[in-house]
**Student:** 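What follows is a structure written as C-alpha cells; I'll ask about it next.
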Number of protein chains: 2
Amino acid sequence: MARPKEFDPNTALGKAMELFWRKGYEATSIEDLVTHMDINRGSLYETFGDKQKLFLACMDRYCNGMAASRLSMLDQPGPVLDTIRRFIRGKLQMALADPTRKGCLIANTAMELAPHEKEIRERVASALGGLEEAYYQVLIRAKKQGELRKDQEPRALARYLTTMMQGVIVMHKAGTTAEALREIVETGLAVLD
Amino acid sequence: MARPKEFDPNTALGKAMELFWRKGYEATSIEDLVTHMDINRGSLYETFGDKQKLFLACMDRYCNGMAASRLSMLDQPGPVLDTIRRFIRGKLQMALADPTRKGCLIANTAMELAPHEKEIRERVASALGGLEEAYYQVLIRAKKQGELRKDQEPRALARYLTTMMQGVIVMHKAGTTAEALREIVETGLAVLD
DNA sequence: TTCTTTCTTGACTGATCGTTCCAGAATGTG
DNA sequence: CACATTCTGGAACGATCAGTCAAGAAAGAA
C-alpha cells in the first residue's frame, strides 16, 4: 500500500510559482525550488517532471489566477469603460503593493524566455491573448452602449490596453515611483476618452 | 616593452553587448562571451574585470548608442509632434526588422535584474530617464508652438510615451505580429492628438 | 641577441548546475 | 508481524559555472 505524500502538490506548485515569478527561470536553481517548496528533490522530479515542466505548470497556475481575476473585475454593472478603468487601476494598485516589484509572470517570461522557447512563447501569447479578449468583450459592450466613438476600434483598444500595462510593469520593475506610474496610467487611459 | 593586444576592446565590447542583449545576463555564460567576443578568458577578466562589470559596460555602450539615436531623430524641423511620431514609428520599424526579437537591452535588464541589483536598477532608471527627458524637451517645444492642448502635460506625456514603448517591446518579444504592433503604436499615439 | 613586459592559450579550481539514484522510513493490507 | 509499495533524505553523477593561474609566445627597446 502506497505511502501518501507528505506535501500538497498544489501548495508546492504555488510556492514554486512565487519563486519563478520573483527571480525568473534561469536565476532560480533546483536547490532554491526545493528549499522554497519545502519538498525534496526526488519528489519534485517525480511530481513535476523536470525544471521546465515545473515552470510551465507554474505559468498555467498563474494564468488560472489571472483568468479568475479578470472574471471578478470585468463583469460589473455601471458604465462599461469605468469597469476597465477600475480594473486597470486595481492592477496598478496590486503592483504598487508589491515591495519585491516582481511584476507579472507572463510579462517576465515574455522578456526572458519567449524569443528562445517556442512552447513558452505560445503559452505567453495565449495568456496575453486571453487578457486582450477580455478587454475586447468589454469594449464591444461599451461600443454598443455608445461609450466609444466611431473611430475607436474595440480590438485595437484591447491590444493597446494589454500593451500599455506591460509597459507599466517594465517601468515598475525599473524603479519608477508610484506617483509617476499612476500618472502614466491615467495618461494612457485618455485613449478611452 | 609590452605586447599590444590582439583584439580591439571596443569591438569586443560591442559583441558582448549583442550577446547579453539577445540572451540576457544569467543565460549568458563566460564561455559564450569568450567565444562570441573572440578573445580569451584571461583577456576578458584583465580588460573588463568580471562578468557583472562587463555587463555594466555593455549597458553604458548601449545607452551611448541610444543617446546618439535620440539626437539624430528628435532634433528635426517641421511640426514637433510629427518628430515624435516618426521617432517612435522608426523605433518600431527597427524592432520589427530584428528576427531575433531581442527587444531593448534596457527593458530586458529592467525585467531580469533591476528588482534585485541596486546598481543595475539605477543604470536602468537613468537610461529610461534620459529617454523620457528627450521626449519632454520635444513636447515642451510642441506646447510652445500650440501643438498640445492645455490639459496635455509634457512630463506626463513623456513618461507615457517611454512606458508605451516598453510595452510594445514586451509584446514584440511575446510574438505579437507586426500588423498588431503597428496598430498598437498608432492607437497609443492617439494620446498626442 | 638579450631582456623585460604583456598577451594568448587553455588547464585548473572550487562551487553549483539539473537530474538520477539508493538506503532507510513510513504506510496500510493481508 | 510480514510484505509490497511509495516517500523522504540527501549523496552522487557528469556537466557547467565564474574566476584564477602558469607556461610559452610575442613585442619592442637596449
Side-chain angles (χ1 to χ4, degrees), chain A residues 1-59 105 108-109 112-113 116-120 123, chain B residues 1-59 105 108-109 112-113 116-120 123:
Chain A
M1 178 53 178
R3 171 181 169 178
K5 292 188 192 307
E6 279 186 23
F7 70 96
D8 174 26
N10 207 42
T11 300
L13 184 63
K15 294 190 169 191
M17 184 192 72
E18 282 170 18
L19 206 60
F20 277 132
W21 186 354
R22 180 150 46 84
K23 296 184 68 172
Y25 182 79
E26 292 286 346
T28 302
S29 66
I30 295 293
E31 187 63 29
D32 289 336
L33 288 164
V34 150
T35 302
H36 200 74
M37 292 165 83
D38 197 22
I39 69 178
N40 80 94
R41 70 183 63 241
S43 300
L44 187 149
Y45 281 93
E46 198 271 319
T47 305
F48 301 103
D50 61 19
K51 187 183 179 186
Q52 178 156 359
K53 288 190 177 68
L54 173 60
F55 186 76
L56 290 171
C58 290
M59 287 183 70
L105 180 59
N108 296 348
T109 305
E112 185 186 4
L113 302 171
H116 320 300
E117 300 285 341
K118 184 171 154 60
E119 180 166 6
I120 289 186
R123 295 293 188 91
Chain B
M1 178 52 178
R3 171 180 170 180
K5 293 185 191 306
E6 277 187 23
F7 70 97
D8 175 22
N10 207 41
T11 300
L13 184 63
K15 293 189 168 193
M17 183 192 73
E18 284 169 18
L19 206 59
F20 277 131
W21 184 356
R22 177 148 50 83
K23 299 183 66 170
Y25 183 79
E26 293 284 347
T28 302
S29 67
I30 295 294
E31 187 63 30
D32 289 335
L33 288 164
V34 149
T35 302
H36 201 76
M37 290 164 87
D38 197 24
I39 67 177
N40 80 93
R41 68 180 63 241
S43 299
L44 189 150
Y45 282 93
E46 198 271 320
T47 305
F48 300 103
D50 60 21
K51 188 182 178 186
Q52 178 157 359
K53 288 189 177 68
L54 173 60
F55 186 75
L56 289 171
C58 289
M59 286 182 71
L105 180 59
N108 296 347
T109 304
E112 185 187 3
L113 302 170
H116 321 301
E117 300 284 343
K118 183 171 156 61
E119 180 167 4
I120 289 187
R123 295 295 187 90

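Labels below follow one simple rule: chain letters A, B, ... track the order of the sequence lines, proteins then strands, and each chain is numbered from 1.
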**Student:** If the cut-off is 4.0 Å, is B:S43 near the phosphate of C:dC7, judged by side-chain N/O to OP1 or OP2?
**Tutor:**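 For C:dC7, neither OP1 nor OP2 has a side-chain N or O of B:S43 closer than 4.0 Å.
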**Student:** Please state how far atom CZ in B:F55 lies from atom P in D:dC17, giving the value in whole angstrom units.
**Tutor:**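 Whole-Å distance recorded here is 17 Å.
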**Student:** Using whole Å, report how far CD of A:E6 lies from P of C:dG24.
**Tutor:**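 One finds 19 Å between P of C:dG24 and CD of A:E6, rounded.
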**Student:** How many whole angstroms separate atom CZ of A:F7 from atom P of D:dT6?
**Tutor:**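 Value for this atom pair: 15 Å.
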**Student:** Check whether B:Y25 forms a cation-pi arrangement with B:K51 (NZ or CZ under 6.0 Å from the six-membered ring centre, at most 45° off the ring normal).
**Tutor:**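 Checked: cation-pi criterion met.
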**Student:** Report, as a single string ordered 5' to 3', how protein heavy atoms within less than 4.0 Å touch nucleotides 11-18 of chain C: B base, S sugar-phosphate only, - not at all.
**Tutor:** B-----SS
**Student:** If we ignore hydrogens and angles and just use 3.5 Å, is the side chain of B:E112 paired with the main-chain N or O of B:E26 as donor and acceptor?
**Tutor:**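 Indeed, once roles are kept as given, a pair shorter than 3.5 Å links the two residues.
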**Student:** Let me know the distance between CG of A:L54 and C1' of C:dT19, rounded to the nearest Å.
**Tutor:**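 Answer to the nearest Å: 14 Å.
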**Student:** For B:L44 and D:dG19, give me the distance from atom CG to atom P, rounded to whole Å.
**Tutor:**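 About 9 Å, once rounded to whole Å.
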**Student:** For B:W21, is there any backbone N or O sitting under 3.5 Å from a side-chain donor or acceptor partner on B:N108?
**Tutor:**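 Yes; at least one donor-acceptor contact below 3.5 Å.
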**Student:** Can you measure B:R3 atom CZ to C:dC7 atom C1' for me and round it to whole angstrom units?
**Tutor:**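 Value for this atom pair: 4 Å.
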**Student:** Which whole-number value in Å describes the distance from A:K5 NZ to D:dT8 C1'?
**Tutor:**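 After rounding, the gap between these two atoms is 11 Å.
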**Student:** Less than 4.5 Å apart, any side-chain heavy atom of A:I39 and any of A:L33?
**Tutor:**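 Counting from C-beta outward, A:I39 and A:L33 never come under 4.5 Å.
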**Student:** Would B:K53 pass as a cation-pi partner of B:Y45, given that its NZ or CZ must be under 6.0 Å from the six-membered ring centre and within 45 degrees of the axis?
**Tutor:**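 Geometry flag: not set, cation outside 6.0 Å or 45°.
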**Student:** Answer whether the closest heavy-atom distance between the side chains of A:M37 and A:L54 falls below 4.5 Å.
**Tutor:**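 SC-SC contact between A:M37 and A:L54 confirmed.
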**Student:** Calculate the interatomic distance between A:M37 atom CE and D:dT8 atom P; express it in whole Å.
**Tutor:**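 After rounding, the gap between these two atoms is 12 Å.
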